[in-house]
Amino acid sequence: MSLLEGLNPKQKEAVLCTEGPLLILAGAGSGKTRVLTHRIAYLIKEIGVEPWRILAITFTNKAANEMRERVDKLVGEGSEDIWVSTFHSTCARILRQDIERLGYSRYFTIYDAEDQKTLIRECIKELNYNEKNYPVGSTLGEISNQKNELISPLEYEKINRGDFRKEKYSNIYKLYQKKLESNNALDFDDLIFKTVELFTYNPDLLEYYQNKFQYILVDEYQDTNTAQYKLVNLLASAHGNICVVGDDDQSIYGWRGANIRNILDFEKDFKNAKVIKLEQNYRSTKVILEAANHVIKNNYGRKAKRLWTENEQGNLIELNETFDEHAEAEFVAREIIKQIEDEGREYKDFAILYRTNAQSRVLEEHFVKHNIAYRLFGGIRFYERKEIKDLLAYLRIIQNPCDDLSLKRIINVPRRGIGAVTINKVEEFAAANNMNFYDVIRDNETVSVFGRAATKLKDFADLIGALQIQASIGSVTELIEELLKRTGYLEELENENTEESKDRIENIKELISKAADYDNKEGEEASLEGFLEDVSLVAEVDNYNEGDNAVVLMTLHSAKGLEFPFVFITGLEEGIFPSYMSIVSEREDSIEEERRLCYVGITRAREKLYLSYAKSRTLRGQTQYNRASRFIKELPKELINLGKANKSSDPLAGIRQRNRILNNYTPYESALKNKIPAPKNITLDYKEGDLVKHFKFGVGTVEKISHAGADYEVTVNFPKFGQKKLMAGFANLKVVD
DNA sequence: CAGAGACTCGAGGAG
DNA sequence: CGAGTCTCTG
């Protein structure tokens, strides 16, 4: 039987166990995609399951596409009927069908993070709250957390009555949701939430999908949040044929609501669940795997497992301490060049991983200097660029005229002499008459209220009207070309004739070519809403192409699921990785999540792993001196080879480095003590006994102030978090009077 | 209404 | 240090 050929016994077992609940604990590099695809093929070819009865859910489009491709090869005809897609696109597809039952139209817009922030800013203003007290970012986080937990605005209000701050959040949440509805828009979290809601209020629909999907597979189960968990449970509860694949050690999305309990408690949730562990790794050398195992064993509450491999021993892990982040980047660049020149390697064999996107800049600089071909992921996504968002806003308003947010974005882009004053007047009028912006300006009678501005507004409404007609008769590509012509958007950029405007024009061309790809791919099925949906739901890494011969630069988070012969993990410093936020976090699990992230990073490497940290690092114009990351100290020294990175600025560095790394295994008394701010004149405006406020811990009493180098160590007692030792230069304590 | 220049303030990861 | 916001002037 060819479908089982080349699988190890555990993998075979996972393919053959088709009925009932199954948890596959798949360690890094243990061939889980292979198991999943063969399992799907086995269901169809051997068990005789109809392809359209299978639902396979992943987190990224890249994973979905890869699975789709491999299944197509194994199954052949009929495989296109299998639903292989991400959580978000699965939900979007279901909602396009039946969301009218929830009072939205099927032409709804999907808002991204930037749109969400704009909308929340509007809400805060409208409620007359101070953005300083309710920062957009944390407000959005609070709302997103509620949605991930399936808590509606009304429930949130009920739960938090009497909590001053949360009552404010509650009002924002309510208004925000109201605005989304009136704009006929959903945010990312709504895609899942609304689908669950749809099923909850419409048992007939739920039953339909329960019957349809007799076999459900979920990838990366450790990253599911409560809403996603609920969705899967609703669909699977009737027949119980649910197969989830995951690795609790790779759970790195707790901050966006992922609940690690979903995988840890699977056996409790589904009675008679079978568990299969895939522990043989086919990816990495023994050294790399050993290092990964050593780091992760410092976490508590894991499912017992230990990865092993038959691969060769391999190179030692190379550890480098550098003077600063420039020396680190320079070292990485030179090492890549050396490997290419001496060992015949290619650019695409290398990946540079870091904790935060801000770290990529210096690396880029040095790569440019050395002419190294690289591909940067993260930072500003293609679809987040200003000119692209502008054009998408046009497309959105054409598709969904209720979308006030998009309309306001482009009503004066390019400039049509419609300013803030006019926009405010129209908005007030619209609110008073319970209308959408576009309704007001497209109607001759209502628009005439606005006197001199009326003509301009009406012209704009007519423009949108004309483009709507174009949308109904032509392809998406033609629509974009027509809109560029009619609005004069491209012309304006051409007249500017700067480096920047040339860049923007290039991006617009790129968008047109993406639209053309979409039109070709979908053929008769192509539609504006389909294109906008695709665009909203692509992730940056989805565009990663193994064939491109370029060094890859990305965050550790983005690297999950990928592998490279050579991996550099940079910025291994206390306060960077693990991050400052995780060190001071009140969440018990947050350092453990950083450690899992480290584990993910290490296990991306096939042949050789480089770790590096800089003694000093300049961030936001301030230089900090951080100690080497605790994760480095968790590695066995016999696996480590000290590198010869540039330490020209300090001739004794070699000796110090050796002493420091090999002998300094003492655990940290307090993580915060590791941070020694740059020498600067610090004056404290508080003294012992004063009340001070910390951004995270709130108000507390200063108990002790002592010198610590150029800084002060301040001991503060916080009612909620207990006693904390903080560095004054870093903690930004404010006096409360 | 639009554009230039001053000013403030921020600590992370992403579909 | 740099993005994003605010203020002032033509």
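Aromatic stacking is marked for A:Trp255 over B:dG13, as both cut-offs hold: 5.5 Å for the centres and 30° for the planes.
A donor-acceptor contact under 3.5 Å links the side chain of A:Glu594 to the base of B:dG12. Donor-acceptor pairing under 3.5 Å, judged by distance alone, is present between the side chain of A:Arg355 and the base of B:dG12. No hydrogens or angles were tested; on distance alone, a donor-acceptor pair under 3.5 Å links the side chain of A:Asp189 to the base of B:dG15.
For the pair A:Ile576 CD1 and B:dA11 C1', the computed distance is 10 Å after rounding to whole Å. Atom pair A:Phe193:CZ and B:dG15:P shows a separation of 22 Å (rounding to whole Å applied). As a whole-Å value, the separation of A:Lys62 NZ from B:dA14 C1' is 17 Å. For the pair A:Ile110 CD1 and B:dA14 C1', the computed distance is 15 Å after rounding to whole Å. Here the C1' atom of nucleotide B:dA11 and the OH atom of A:Tyr580 are 8 Å apart, to the nearest Å. Spacing between atom CG of A:Asn130 and atom C1' of B:dC9 amounts to 14 Å, rounded to whole angstrom units. Taking atom CG of A:Leu140 as the reference point, atom C1' of B:dG13 lies 14 Å away to the nearest angstrom. Rounded to a whole Å, the CG atom of A:Asp187 is 14 Å from the C1' atom of B:dA14.
Cation-pi geometry between A:Arg596 and A:Tyr599 is not satisfied (NZ or CZ under 6.0 Å from the ring centre, within 45° of the ring normal). Remark: A:Lys560 is not positioned above the aromatic ring of A:Tyr253, lacking an NZ or CZ atom under 6.0 angstrom from the ring centre and at most 45 degrees off the axis. Taking the ring centre of A:Tyr111 as origin, the terminal cationic atom of A:Arg396 falls outside the region bounded by 6.0 Å and 45° from the ring axis.
Under the 4.5 Å side-chain criterion, counting only non-hydrogen atoms from C-beta, A:Phe87 is in contact with A:Thr224.
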Give me, pair by pair, the N or O atoms of the protein and of nucleotides 3-5 of chain B that are less than 3.5 Å apart, along with how far apart they are.
residue, atom, partner, partner atom, Å
B:dG3, OP1, A:Arg415, NE, 3.3
B:dG3, OP1, A:Arg415, NH2, 3.0
B:dG3, OP2, A:Arg415, NH1, 3.0

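A donor-acceptor pair is defined here as one N or O able to donate and one able to accept, closer than 3.5 Å; such a pair exists between the side chain of A:Asn400 and the backbone of A:Asn184. Panel note: side chain A:Arg256, backbone A:Asn145; no donor-acceptor pair is recorded below 3.5 Å.
The aromatic rings of A:Tyr544 and A:Phe564 sit tilted, their planes meeting at an angle between 30° and 60°.
Ranked by how close their nearest DNA chain B nucleotide is to the 5' end, A:Phe59 and A:Thr422 are led by A:Thr422. If you find the closest nucleotide of DNA chain B to A:Glu593 and to A:Gly419, the one lying nearer the 5' end belongs to A:Gly419.
Note on A:Ser558: a side-chain N or O is less than 4.0 Å away from OP1 or OP2 of B:dA14. Dashed line: the shortest gap from a side-chain N or O of A:Thr555 to OP1 or OP2 of B:dA14 is under 4.0 Å. Residue A:Asn357 places at least one side-chain N or O closer than 4.0 Å to OP1 or OP2 of B:dG13. In this structure, A:Asn225 does not reach the B:dG15 phosphate: none of its side-chain N or O atoms is under 4.0 Å from OP1 or OP2.
Candidate nucleotides B:dA11, B:dG13, B:dG15 were compared by shortest atom distance to the side chain of A:Ala113, and B:dG15 ranks first. Minimum atom distance to the side chain of A:His557 is reached by B:dG13, of the listed B:dG15, B:dA2, B:dG13. In the set B:dG12, B:dC1, B:dG15, B:dC1 carries the atom at the smallest distance from any side-chain atom of A:Val421.
Nucleic acid contact for A:Ser144: none, since no nucleic acid atom lies under 4.0 Å from a heavy atom of the residue.
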Please assess A:Phe460 against A:Ile441 for the test side-chain contact (heavy atoms from CB on, under 4.5 Å), listing each intermediate value before the final yes or no.
CA-CA 8 Å; A:Phe460 175 74; A:Ile441 61 170; 3.8 Å; yes

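Side-chain polar atoms of A:Ser612 and A:Glu328 form a donor-acceptor pair below 3.5 angstrom. In this structure, a donor-acceptor pair under 3.5 Å is present between the side chains of A:Ser85 and A:Thr90.
Closest approach of A:Asn507 to A:Phe382, counting heavy atoms only: O-CZ, 3.5 Å.
The separation of C:dC6 from B:dA11, taken at their C1' atoms, amounts to 24 Å, rounded to a whole angstrom.
Along DNA chain C, read 5' to 3', the first and last nucleotides having any atom under 4.0 Å from a heavy atom of chain A are C:dC1 to C:dT5.
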